[in-house]
Structures are given as C-alpha cells and as structure tokens.
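Please read the structure below before turning to the comments.
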Amino acid sequence: MNIESLIREGVLNAVKALYGTEVDVDTIQIQMTRKEFEGDLTVVVFPFTRMSKKGPEQTGTDIGEYLIANVPSISKYNTVKGFLNLVISSEYWSDLLNIILNEKDFGIIQKDENSPLVMIEYSSPNTNKPLHLGHIRNNLLGFSIAEILKGTGKQVIKTNIVNDRGIHICKSMYAWQREGKNETPESVGKKGDHLVGDYYVKFDKLFKKEVADLMATGLSKEEAENAAPSINAAREMLRRWEANDPEIRNLWKTMNEWVYAGFDVTYKKLGVDFDKIYYESDTYSVGREEVLRGLELGVFERNDDGSVWANLENEGLDKKILLRSDGTSVYMTQDIGTAKLRYEEFPIDHMVYVVGNEQIYHFQVLSILLDKLGYKWGKSLYHFSYGMVELPQGKMKSREGTVVDADDLIEEMVEVARNTSNELGKLDGYSEEEKSEIHRMIALGALKYFILKVDPKKTMMFNPEESIDFNGNTGPFIQYTYARIKSVLRKASDAGIVWNSKTNNSMLGTKEIELIKKVSVFPEVVAEAASTYSPALIANYCYDLVKEFNQFYHDFTILGETDAEKKFFRLQITEVTGRIIKTGMGLLGIECPERM
RNA sequence: GGUCCAGUAGCUCAAUUGGAUAGAGCAACAGCCUUCUAAGCUGUAGGUUAUGGGUUCGAUCCCCGUCUGGAUCACCA
C-alpha cells in the first residue's frame, strides 16, 4: 500500500478514535508539503475541526500524535495553522526507490485483451494545401494522447479521415488546369502538397481579382462572389466529380497523390502515424444513405427545394443542413458516414476526435444526429477540442499566406539545433550521420515540447521572429539531462560498478528524498494526463523532475562518492530518473539521445 | 445579437482542481567550470491574478455584474 493510502487510513481511524465520528474519505486532503516547512506530506485538517470542536492547531496535533503511534512509516509531525505536516521515514523512501528500480515499465500499465478500445481521430487534413503549425499542434496532441492512453492500458487505434473531396480541392485543380502548364512535383522539384497549395493560393488571387472587377461594374459583393467565373468553374468541377466524370476524377486522383506523398514526408518527420486511414471520398456516400434513412425514420425533414435538414431547435440549437438541394453532401454528411463505418469495422468503446475548438458546435450537432439515427454511441463521442495557435499578427490563414509552414519550421529547427550543437562542440568526433540524427532529435524535441507543454485547451502564441529556445523549460533541456544521466551510468558500467543491489539507507538527504518523491508520483501523473487528455501535465512533470535532478547532480557527486552504499543509492536514483524521463518524453512522442 | 472560451511578472507559460508567503523559463543584473556533459547550478529584481461585488476558516480557481480579446451560429470545411 502506498503512503497516501496509509495516511488516509490512519486519519480515518484517528478521527473515529478521537472524536467518535466516521469521516468521508474524500474529505481527507493530502498534498505535498511545501518546501519551506518540515515534512513530506501534509494533511489539511480544517475539515475535521467541526468534529473535534477544537481549533485547527490542536486538532492537527491530536491527529499527528495518533498517526505517530499507529502508522510506522510516519516518523515526525508538526502543525502549522491548519496543516499537519508529516515526516516520512528514510526507510520508507529507500524501500520505495527499490521497488521502482525493480519495476520494468514504471508508470505504464500494460493492456490485455479485455482492455477497452479507444479510437482516436487526429490530423484529418484537407488535401488542397500543405500542413502548417496549426496542424502540427493537432498531430502532436493526437499522437501524444494516443501514447498516453496506451500507457494507461487502453487499446488504441489511431485514425485519420482525409478530406480529399470537396470544393477546396477543386479550386486547386481548376487553377492548376488553367495556369499549371502540366507542372508536376518532379518537374519543378517541389513537394506535392506545396505545389497543390500554391495553386490554391493562385485560385484565391484569381477569384479575388474577378470579384473586384465585377464589383467595379456595379455588382454587390455577394453577387460578384457568385458570378465569378473561377468559382463557377470549380463548382462545375465538383459536380462533374460527383458524376464520376473520368477526366475530372483522373486529375483529382493525380493531384491528391501528389499531396499524399508530401504529407507522408511531413508525418514521417514529425514521427506520427496511423493505424487506419479513411477517405472522405469513400465515406460521404455512406453518410448520404444514413441521412436518407433518417428522412424515412422521420427524424430529418426535406425542404421544398429538395434539401434535407435536421431541426435541432428542441435541443437548443438551430436547423442544420445535411444534403444540399442538388443532393450533394456537406461536411456533416461525411462525418456521419465515417462514424458508421468505423463502428462497423471496430468494437469501439470510446471515440475521441482531436479537432480544434472552432468546431465545438459541429461536434455537438454530430453527436445529436448520430443519436437521432439510433446509434447508442452517438452521445458518447468525445470531442477533444484544443485551442488555436496564434501568431503575433493574429490567426493563421492559408489563403492569405500568413501561415507557418510545417516543413519550413522543422527545417529551421534542425538548422538551429545544428548551429547550437556545433558551437558547443560536444559531438566532435562523431560521424555526420550520427550528428544529424542527434540534431534531428533535438530540433523535434524543442518543437514538440514547446507545443505540448501548453494546456491543450488554451489558445497558444507562437512568435516566428524568436526561434524556439533550447534553454530553460524546453525539450532540449530535458534531453540534455537525460544525456548527462546516460553518461554517468556509462562511466559507472565501464568502471565495473554494479549498483542494482538493495541499499540500506537510513540517512537520506533532503534533496535525495525530494527526488524520490518526485519520481514516485509519475504513475499518478500519467493517470491524470490520460483522464484529462493533457500531455501538458506530462511535459511539466518531466521539467520538474529534471530540474530536481539537476540540483541533485550539482550538489552531490555520484561516481566520486567514497561510501559505496551511498554511491549505489545515487546511481539507482540516477537510473530511475533517466528511465522516467525516457518514458515520459516517449509519451509526448519525443526521443531522447544518449548523448548531446 | 444568441451561445461558448479565455484574461496570472515586460514576454511565453505553471499553480496538485477551494489550501500555507501565486511559481518556472525567456529577457535584465550578479555569481559558479582543474572535479560525473555549464544546453547546467545559485542569487537579485519583477504581481492589487483584467475589474467590482458575493459565497467561507480560506478564492487565481466557485457564483453574479462590468471591461477586453477570441471562437461559433453557412446549401464552407
């Protein structure tokens, strides 16, 4: 039993013995003792003053005395105001470290065949433009949440719904057909997603010019936007696409292939992957059938012009269109079809959509629609809505070119990592391949940590002018500490030291105890991160752990310690810390180099 | 306008979910490498937690009002 449970039980018994009342376990609050007071764990005694009918100080003392007498691991106590600070014995911490040392994957719960199955949808790009910083946040969050859920014993399927059809891709297709001169990624030496994205921007320029020209002839903005030749050409393309026109389908296929090849490169660089990929072009028709079925069930309505609607006014929402008057599908239609296919294919216990908070309304509606269609899982879908990434100028807009491109950003990060590393010269003597592999790890560590350390729900700021730091609360700082740890452990092994035997310690220093305390809460942090879907908790924990370790490393010598018992103990705590860093960072999708 | 989210040091972010004197990093200043990797460690300075009320032993956190910023309410995705 862990120390918190022991204290909880002790307090429970104390209150019963001293004041003759049963107390609800939830009212027993235990927290880490603040650094400025003596003690390891603290019980908040305010809730018990009602039962004791004494002041908080006296109540704390009563309970403290009881705990000392009845709970062996508690060696001392003091009360400050309403806080009962408990000192836990060195033996307890020493034993705890030993348990952790001998656990294979400390903090990780292995799945078994009975583990619930969670499907996580993330990434879900449109195929008309390359990935940017906003997509990076999505991809990193999705991947990390998948890893964290796996770490708590869930079966996880990572999925991606590719929005490969629709007016957006037709815009790029039209512009390419008009101005592309048969350019291909090969012919211009450019990644396919970037090439297609260029034509998306070209389309927008053309469209804007046409609208301006038409408005100059006296049309209103709305009229001009409907009359612009380019948009009508794109719409015509979409219509022909839905009608299976071979020419359009071929062009669509070709350009999408270019984009996929480009995405694959970016995904690989980011280190994210998927177990199952769905394409909107395959699922939208299933969605349409579902909508028509809903119409027959009487849960949807058909308008005079032929469009199909869901009336959600009883749910406090508006009317929502599901099929256009020309019978074509909208975004929502596709999501219904995709959901149905997924549940047919997998025994999903829990569905998680990693999609930005701008789509909160969309998922509210989706959930209700699936429920109306009779799917019992409709109401249980979880929209993990994360905040946008903003630039100092405000929101990123693909069409206006105010985006931070994913590939560019990664390249820049690698460049900074290389320069910094070369300046420090710690990798001198390594081959170019080894060096660039380490530079890559550090660059991605910096980028990923920068994004994941922020509470996912919050809007975050990224300033491209100031490159991401490598010092302080950063990924490289944590990686660096890991490299240091590995270096010490290598030296110890080389010297033939064997440190895995149980050490006998009744004289741990406060810094050492602090470290063990920090280390020991790792499983709780993972559990918390999983239940709140927050990689940021893991990131900030890793930082705290590493900061604690660096102080320890600075204040004590490990290999230079002459007392063998102490030396073994310090190697143990060093090894355990290293393992947790690696596991924790792994949950964020960040690799740790053995040296840097 | 309706609904939802946010506002914490100059900047970027934390705060164990209602607990003790609100913490880190960056930027600034001052120290620490003959010693296990200085991408490190230590110190100084920086705050009316947007604002006004309320709830209670106790509020950055919960409730109400105000201000500011953002998202959303499409036959877009």
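The chains referred to below are lettered A, B, ... by the order of the sequence lines, with proteins before strands, and numbering in each begins at 1. Values in this document were obtained by computation on a predicted structure and should not be read as measured data.
The nucleotide B:rG25 finds its pairing partner in B:rC11, both defining distances of the Watson-Crick or G-U wobble pair being shorter than 3.5 Å.
As judged by a 4.0 angstrom heavy-atom cut-off over every strand, A:E528 is placed among the base-contacting residues. Across all strands, A:Y361 comes closer than 4.0 Å only to sugar-phosphate atoms, never to a base (heavy-atom distances). Across all strands shown, A:L323 has no heavy atoms under 4.0 Å from either base or sugar-phosphate atoms. Within 4.0 Å of A:Y543, counting heavy atoms only, lie sugar-phosphate atoms of the nucleic acid but no base atom. Within 4.0 Å of A:V454, counting heavy atoms only, lie sugar-phosphate atoms of the nucleic acid but no base atom.
Considering only the side chain of A:E36, B:rA20 comes nearest among B:rA20, B:rG19, B:rC36. Checking B:rC13, B:rG40, B:rA74 against the side-chain heavy atoms of A:I321 singles out B:rA74 as nearest. Among the nucleotides B:rA77, B:rA14, B:rU37, the one closest to any side-chain atom of A:H362 is B:rA77. In the set B:rA15, B:rA38, B:rA20, the nucleotide with an atom closest to the side chain of A:R484 is B:rA38. Here B:rU42 is the nucleotide among B:rU37, B:rU42, B:rU21 with the atom lying nearest to any side-chain atom of A:K547. Listed candidates were B:rA20, B:rA38, B:rA77. Nearest to the side chain of A:E280 is B:rA77. Taking only side-chain atoms of A:N163, from C-beta outward, the nucleotide of B:rG70, B:rA77, B:rC73 with the closest atom is B:rA77. The nucleotide whose nearest atom lies closest to any side-chain atom of A:V80 is, among B:rG19, B:rC36, B:rA20, B:rA20. Listed nucleotides B:rC13, B:rA20, B:rG19 differ in distance to A:V44; the shortest reach to its side chain belongs to B:rG19. The side chain of A:Y480 lies closest to B:rA38 when the candidates are B:rG23, B:rA14, B:rA38.
For an aromatic pair to be called close, the ring centres must be under 6.0 Å apart, and A:F477 with A:Y480 fails this. Taking the six-membered ring for Trp and the full ring otherwise, the centers of A:Y174 and A:W252 sit at least 6.0 Å from each other.
For A:T42 against B:rA20, a side-chain-to-base donor-acceptor contact under 3.5 Å is present. Residue-to-nucleotide contacts include no donor-acceptor pair under 3.5 Å from the side chain of A:N128 to the base of B:rA77.
On the C1' atoms, B:rU17 is 24 Å away from B:rG25, given to the nearest whole Å. Nucleotides B:rA30 and B:rU34 place their C1' atoms 24 Å apart, quoted to the nearest Å. Taking atom P in both B:rC4 and B:rG65, one finds a spacing of 11 Å when rounded to whole Å. Taking atom C1' on both nucleotides, B:rC11 is separated from B:rG54 by 34 Å, rounded to a whole Å. Of the C1' atoms belonging to B:rU8 and B:rU68, the separation is 15 Å, rounded to the nearest Å. Rounded to whole Å, the separation between the P atoms of B:rA28 and B:rC73 comes to 44 Å. B:rA15 and B:rU60: their C1' atoms are spaced 8 Å apart (whole Å).
Atom CD1 of A:I497 and atom P of B:rC36 are 15 Å apart (whole Å). Following rounding to the nearest Å, A:E548 (CD) and B:rG23 (P) show an atom-to-atom distance of 16 Å. Protein atom OH of A:Y482 is 19 Å distant from nucleotide atom C1' of B:rG40, rounded to whole Å. Rounded to whole Å, atom P of B:rU12 lies 22 Å from atom CZ of A:F477. Computed from coordinates, the A:I360 CD1 to B:rU72 P distance equals 10 Å when rounded to whole Å. Straight-line distance from the CG atom of A:D455 to the C1' atom of B:rA15: 12 Å, rounded to whole Å. If you measure from atom OH of A:Y386 to atom P of B:rC5, you get 19 Å, rounded to the nearest angstrom. If you measure from atom CD of A:Q551 to atom C1' of B:rG43, you get 13 Å, rounded to the nearest angstrom.
In this model, the phosphate group of B:rA71 is not approached by any side-chain N or O of A:Q359 to a distance below 4.0 Å at OP1 or OP2. The shortest distance between the side-chain N/O atoms of A:K81 and the OP1/OP2 oxygens of B:rG58 is not below 4.0 Å. At the phosphate of B:rU37, OP1 or OP2 sits under 4.0 Å from a side-chain N or O atom of A:S487. When the side-chain nitrogen and oxygen atoms of A:R324 are compared with OP1 and OP2 of B:rA77, one or more of them lie within a distance under 4.0 Å.
Two residues are said to be in side-chain contact when any heavy atoms from C-beta on lie closer than 4.5 Å; A:S385 and A:Y353 fail this criterion.
Considering all non-hydrogen atoms of both residues, A:I321 and A:S307 come closest at CD1-CB, 4.0 Å. The heavy-atom pair separating A:V389 from A:M396 by the smallest distance is O-CE, 3.6 Å.
In this entry the base of B:rC33 is syn relative to its sugar, with a glycosidic angle within 90° of 0. A syn orientation is assigned to B:rU17, its glycosidic angle lying within 90° of 0.
Using a distance-only test at 3.5 Å, with no hydrogens or angles considered, a donor-acceptor pair links the side chain of A:R288 to the main chain of A:G327.
With respect to A:E548 and A:K35, a salt bridge is recorded, a charged nitrogen being found less than 4.0 Å from a carboxylate O. Under 4.0 Å is where a charged nitrogen must lie from a carboxylate oxygen, and between A:D193 and A:K129 no such pair does.
Residue-nucleotide stacking is present for A:F46 and B:rG19, judged by a side-chain ring centre under 5.5 Å from the six-membered base ring centre and planes under 30° apart. With its ring centre under 5.5 Å from that of the base six-membered ring and a plane angle below 30°, A:F83 counts as stacked on B:rA20.
Residue A:R302 holds its CZ atom at 13.5 Å from CH2 of A:W309, rounded to the nearest 0.5 Å.
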